[in-house]
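By convention in this document, chain letters (A, B, ...) are assigned in the order of the sequence lines, proteins followed by strands, and residues within each chain are numbered from 1.
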Protein chains: 2
Amino acid sequence: MQQKSVRRSNRDRTEATRADLIAAARKLFTEKSYAETGTPEIVAAAGVTRGALYHHFADKQALFAAVVEQEAAAVAEEIERASPPSLFARDALIAGSDAYLAAMRARGRTRLLLLDGPAVLGRAAMDEIDNRHGNRTLREGLVAAMRAQAMVKLPVDALTALLAAAFDRAALAVEAGASADDYRTVLMALIDGLSPHQAPRPARTR
Amino acid sequence: MQQKSVRRSNRDRTEATRADLIAAARKLFTEKSYAETGTPEIVAAAGVTRGALYHHFADKQALFAAVVEQEAAAVAEEIERASPPSLFARDALIAGSDAYLAAMRARGRTRLLLLDGPAVLGRAAMDEIDNRHGNRTLREGLVAAMRAQAMVKLPVDALTALLAAAFDRAALAVEAGASADDYRTVLMALIDGLSPHQAPRPARTR
DNA sequence: CTACTAACATACAGGCTGTATGTATGCAAC
DNA sequence: GTTGCATACATACAGCCTGTATGTTAGTAG
């Protein structure tokens, strides 16, 4: 047991306080929403005062960004843990998408990452975060599939973004009670539709 | 010219005031965001007081819902106007998606309908609105394509939702400065990938 | 040991939301 | 038409929240 008011270095204090604030905020932001959660409530849950919060974060939005960042990293880590390294390109994509949908079932994650995140931080900021974490894996999987000729060649960034958007919407729908099987079926169909079985019909450019 | 304080029926007054409030709110919500727009600013722009607002709408969120509803209807109408009635199923889908992307270029529409809308009203409410307007056309187009055997049979609701999600993300990306051509190419590839050229490889259900 | 700085806590100002209350106008019945 | 009620507002108020400014304690460098 450690006695109260142990002597701690400033670095330790900062780290601990920041972690406490992020953890408390994460809990409240996922239970309720960003707008419905006030900073007085957050600091009370973290056991500090608003002074500490505004010392460590520029504003409420910056604290939110830190929470989103951490949660996106957690999702990415769950996916990487679930998807074995070397598979056929298509199987790796499917394993990854299943892992993503599973990870997004954690309570409140969809609202945090898919609803409040884009609205509060903007799509650009969310893209930047996603590309540093979860989307990286997806993008690499797509590049690998194209290189292995298991997928038609397409602009990679756009394809990554659009598939990610479909995954996101699927996660939201499943959480809202839709048939997970239906959505999984369609996701697989969209992915398999990109296989190069036949020469693609000449696309009328205009 | 009509003299001031003309005698108007209550129904006319209500309709005019509601329309003024919605128009003023729409302008501000699209120029800034929902969170950054205060009710004092809205009523000032509409030329009434906050009393009128809270007489006609339950709260700020209800006014926002009315704005979103109207804007979604406007988008749907632009699409229907742009897409000729009888085409081959695939061409109709492409024309519709182009029309959607064009309609979403109106200033502030993406934030209103794709960012703030889901965050403030929730995905369920936005789905309900979308299904009453824009998504109806998409869904019918998909059903027609499947019936004409121009598209593999898939769960229609899930497919509609996921394609709509992809369109939405494309609209956001294009507004953020991404290559519209790239996104259009990928969207077409996703749609064409659903054509039944070959028997689909046996999907391992698990 | 001294001086400076980081890590907080406390106090304050401004703004916003929603509600309660007051007032004038349309409207319906007699 | 006037009496009475409901509708359409305007005004006033209470509570909360955010961000900042200021004060205090604890670490840390010289």
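Between B:T110 and B:L115, every side-chain heavy-atom pair lies at or beyond the 4.5 Å cut-off.
Of the possible donor and acceptor atoms, one in the side chain of A:T30 sits under 3.5 Å from a partner among the backbone N and O of A:K27.
In terms of the side-chain hydrogen bond (donor to acceptor under 3.5 Å, both in side chains) criterion, residue partners of A:R26 (sequence neighbours excluded) are, by chain and number, A:E71. For A:E78, the salt bridge (charged side-chain N to carboxylate O under 4.0 Å, His left out) partners are A:R109, not counting sequence neighbours. Remark: B:D20 engages no residue in a salt bridge (charged side-chain N to carboxylate O under 4.0 Å, His left out) (not counting sequence neighbours).
Atom CD of A:E41 and atom P of D:dC17 are 8 Å apart (whole Å). Residue B:K32 contributes atom NZ, which lies 9 Å from atom P of C:dC16 at whole-angstrom precision. The distance between atom CG of A:L63 and atom P of D:dG19, rounded to the nearest whole Å, is 11 Å. Between the CD atom of B:E36 and the C1' atom of D:dT18 there is a distance of 14 Å, given to the nearest Å. At whole-Å resolution of the value, CZ in A:R11 and P in D:dA29 are 13 Å apart.
Applying the side chain to side chain donor-acceptor pair (under 3.5 Å) rule to pairs touching residues 43-54 of chain A yields A:T39-A:R50, sequence neighbours excluded.
For the contact set between residues 46-61 of chain A and DNA chain C, defined by any heavy atom under 4.0 Å, the members are A:V48, A:T49, A:G51, A:A52, A:H55, A:H56. A heavy atom closer than 4.0 Å to some atom of DNA chain C occurs in no member of residues 20-31 of chain A.
Residues A:E41 and A:K32 are paired through a salt bridge, judged by an N-O separation under 4.0 Å between the basic side chain and the carboxylate.
Taking 4.0 angstrom as the limit, B:R13 places none of its side-chain polar atoms (N or O) nearer than this to OP1 or OP2 of D:dT7. Between B:T17 and D:dA8 there is no side-chain N or O to OP1 or OP2 distance below 4.0 Å. At the phosphate of D:dC17, neither OP1 nor OP2 sits under 4.0 Å from any side-chain N or O atom of A:T39.
Other residues, nucleotides and ligands place more than 12 heavy atoms under 6.0 Å from the CZ atom of A:R132.
The aromatic rings of A:F64 and A:F29 sit perpendicular, their planes meeting at an angle over 60°, well past the 30° parallel limit.
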